[in-house]
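Data block below; observations after.
What's counted below: heavy atoms across the whole structure, side chains too, no hydrogens, waters or symmetry copies. Along the sequence shown, residues carry numbers from 1.
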Amino acid sequence: MTFEDLGLEPSTLKAVAESGYTEPTPIQEKAIPIALMGRDVMGIAQTGTGKTACFTLPMIDILSSGRSKARMPRALILCPTRELAAQAADNFAKYSKYADLSMALIIGGTSFTDQERALNKTCDVLIATPGRLLDLFERGKILLNDVKYFVIDEADRMLDMGFIPDVERIAKLVPTLRQTLFFSATMDKQIKRLSEAFLMNPKEVAVDAPSTTATTITQALIKTTVSDKGDTLRKLIREEGIENGFVFCNRKKDVDILFKSLTKHGINAIALHGDMPQSKRTEMLATFKTGIAGLLVCSDVAARGLDVAAVPYVINFDVPNNAEDYVHRIGRTGRAGMQGKAFTLAVPADSKMLLSIEKLIGGPIPPVGPARDSKTSATPVEKKSAKQENKIKRDKIDGGTKDSAPSEPLKTKDQPSAAPIEENKPETSQAVTIQQPTVSQTKMPELQKKEQAPRRQKRDRSRHDPDVGVMDHGEDVLAFGAHTPSFLKVEPYVADAAEPTGTIEQPAS
Ligand code: AMP
């Protein structure tokens, strides 16, 4: 299907073509024609699937006939975070290039005066976070009774952040006779109930089962201890050659601590969390987007939904406290059909949370290193078949990397590019996830060489790698090419979980 088939206006098609998009993504194929018909849409899609265009493109066409008055927008897009709102505004600017429409971005942490000035002019589209919008409404700066196109983006996040009462208030301020588009990455009972409150006879569109992880992401679990966590992280960064990616912490104060610690150890990083002033958050994000900033150490709220192209790595320094956050965090990589790797550092006290994550994603996060072997119940037969499978995959990669250039648009379950985690098949799932050809495309040529070299001498089971020390695998371990860095060969969990939790290494003063 092409964008032309979706029924968009020529001016919008021109802007889309200039954005470099040749084909609509699956969620765009499904949602855009329905939105253009004027129907309410209930969209289940993760960030990274191209969902922003699902509500932005039809909105531009629908608004192109008609004019707004000052302070009376005709479309309202509500986003849970400032960064997401800014991203939606960027999308709007890109796609409305040839439409004569104006937009105001209303987010907290920035000057009221500038926003009031923008509202005093004609404003067709308002993109806002709920709190600041209500502030301005209460000051009499906005009237919402001309809104005919209402978007609630990332409804599940609004719920998590406690914004639903605000959204409900806002929904009462916009006319009942309107078109509403409601997007959520997950769909549980609460979200369903909310969608019923906001939508009228909606058409449901979904591109992925709720809370599944993208098939373009290779996941790996690294078992460590609280006291070794900082060290494990630094070794992972150095030995994997991670130069660009997100590092997630559960608490804002740990973001700062970890950022300082990494910087002290000479690792290029910046920090982003919700307690920073908005100007600082914007600056950090802009720096990170240039790619020069290295790692972005961040909290969930700050990084939720951020669309930063080509981020090859996500590291969960802390296992998230909420299983769905795991899906959202790792969804920062593997976007737009590109391959990404997501590492999760887990300490013994995280076992319960890991179980709940694995239940949500429908299978285990493949552990790396021999610790995994000692815990897996794979039989020798299973191991053998997994090894055979690895060999086939390796042969494919050696001969076929070129064929797998990341030219496809976003992938979903409909068009898988790699097998998802398979339950009860740890050997196979590890091999499958790690052996994606495009993983090597995220690496610099010398790192690719390093990964491929041991494959050619795979009979030599016990060898010395000058970069990572003595290697003594009994068999091929494929999580890091054909070797496992020595630091990952940690002991498996001991049942005693009495170890203290929640502390990370404090930078030496
Ligand atoms: P979103 O899910 O809206 O955050 O979009 C994720 C990324 O996909 C953004 O960088 C979009 O610009 C990009 N994108 C949106 N539509 C397409 C498309 N049809 N083809 C390729 N990339 C797209």
Side-chain angles (χ1 to χ4, degrees), residues 27-28 30-32 34-35 38-47 49-60 62-63 73-89 91-92 103-108 125-134 136-137 142 144-207 210 301 304-305 307 324 328:
I27 189 78
Q28 290 166 358
K30 291 179 185 173
I32 291 175
I34 295 159
R39 273 193 71 175
D40 282 6
V41 174
M42 161 82 196
I44 312 289
Q46 299 171 26
T47 48
T49 54
K51 69 176 171 60
T52 316
C54 292
F55 52 80
T56 316
L57 295 175
M59 176 183 75
I60 292 166
I62 289 167
L63 296 185
R74 290 181 295 145
L76 172 62
I77 299 175
L78 284 185
C79 301
T81 66
R82 300 160 185 180
E83 283 78 12
L84 264 179
Q87 236 164 247
N91 269 250
F92 173 80
M103 182 268 297
L105 177 64
I106 304 295
I107 53 175
V125 179
L126 202 59
I127 302 178
T129 48
R132 177 57 68 97
L133 179 71
L134 284 172
L136 283 162
F137 181 83
I142 313 172
L144 296 174
N145 36 4
D146 214 15
V147 170
K148 300 197 175 55
Y149 193 92
F150 182 35
V151 179
I152 301 168
D153 192 17
E154 305 235 349
D156 51 340
R157 197 57 175 180
M158 299 265 199
L159 189 70
D160 290 349
M161 293 170 76
F163 290 165
I164 293 300
D166 282 354
V167 177
E168 281 171 334
R169 262 193 77 198
I170 293 166
K172 284 189 187 130
L173 299 172
V174 302
T176 331
L177 212 59
R178 61 174 193 245
Q179 181 180 6
T180 310
L181 291 89
F182 182 99
F183 280 83
S184 174
T186 56
M187 174 62 137
D188 58 17
K189 269 196 206 139
Q190 250 179 318
I191 294 290
K192 182 93 187 139
R193 190 187 55 76
L194 279 174
S195 72
E196 281 160 7
F198 295 129
L199 301 167
M200 268 176 54
N201 187 26
K203 175 87 181 151
E204 192 175 310
V205 291
V207 283
V301 168
R304 170 68 191 253
D307 175 34
E324 280 167 7
H328 295 306

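- To the nearest 0.5 Å, atom OG of residue Ser195 and atom CG of residue Asp40 are 10.0 Å apart.
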| request: Report the C-alpha separation of Phe92 and Thr52 in whole Å, then their side-chain angles, then the decisive distance to 0.1 Å, and conclude whether the side chain to side chain contact (heavy atoms under 4.5 Å, CB included) test is met. | output: CA-CA 9 Å; Phe92 173 80; Thr52 316; over 6 Å; no

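- A pairwise comparison of heavy atoms in Ala89 and Ile127 identifies CA-CD1, 3.5 Å as the closest pair.
- For residues 177-197, the pairs satisfying salt bridge (charged side-chain N to carboxylate O under 4.0 Å, His left out) are Lys192-Glu204, with sequence neighbours left out.
- Counting heavy atoms from C-beta on, the side chains of Leu194 and Val167 never come closer than 4.5 Å.
- Across every non-hydrogen atom of Ile142 and Phe137, the tightest pair is O-CD1, 3.3 Å.
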| message | side chain to side chain contact (heavy atoms under 4.5 Å, CB included) for Tyr149 and Leu181? Distances and angles first, verdict last. | response | CA-CA 8 Å; Tyr149 193 92; Leu181 291 89; 3.5 Å; yes

| task | Evaluate the criterion side chain to side chain contact (heavy atoms under 4.5 Å, CB included) for residue pair Ile191 and Phe182; output intermediate values, then yes/no. | result | CA-CA 10 Å; Ile191 294 290; Phe182 182 99; 3.8 Å; yes

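- Annotation: the span from Ile107 atom CD1 to Arg132 atom CZ amounts to 8.0 Å, rounded to 0.5 Å.
- Using a distance-only test at 3.5 Å, with no hydrogens or angles considered, a donor-acceptor pair links the side chain of Gln179 to the main chain of Ala35.
- Considering only residues two or more places apart in sequence or on other chains, Asp146 meets the side chain to side chain donor-acceptor pair (under 3.5 Å) condition with Lys148.
- Taken from CG in Leu144 to CG in Leu136, the straight-line distance is 10.5 Å, to the nearest 0.5 Å.
- The shortest heavy-atom contact between Arg157 and Pro80 is CB-CG, 3.9 Å.
- Judged purely by distance below 3.5 Å, without hydrogens or angles, the side chains of Thr186 and Asp156 pair a donor atom with an acceptor atom.
- Rounding to the nearest 0.5 Å gives a distance of 9.5 Å between CG of Asp166 and CE of Met158.
- The shortest non-hydrogen separation linking Ala45 to Val207 is CB-CG2, 4.0 Å.
- With Thr81 contributing its side chain and Leu84 its backbone, the two residues share a donor-acceptor pair below 3.5 Å.
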| message | What verdict does the side chain to side chain contact (heavy atoms under 4.5 Å, CB included) test give for Leu134 and Leu173, after you've listed the backbone C-alpha separation in whole Å, the side-chain angles of each residue and the deciding distance to 0.1 Å? | response | CA-CA 10 Å; Leu134 284 172; Leu173 299 172; 4.0 Å; yes

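- Shortest non-hydrogen contact noted between Ile27 and Ile44 is CD1-O, 4.2 Å.
- Between Pro175 and Asn145, the closest heavy-atom pair is CG-O, 3.4 Å.
- Interatomic distance, CE of Met200 versus CG of Leu177, reported as 7.0 Å (0.5 Å rounding).
- Note that CE of Met103 and CE of Met59 are 8.5 Å apart. Values are rounded to the nearest 0.5 Å.
- Scored by the side chain to side chain donor-acceptor pair (under 3.5 Å) test, Arg39 finds no partners at all (sequence neighbours excluded).
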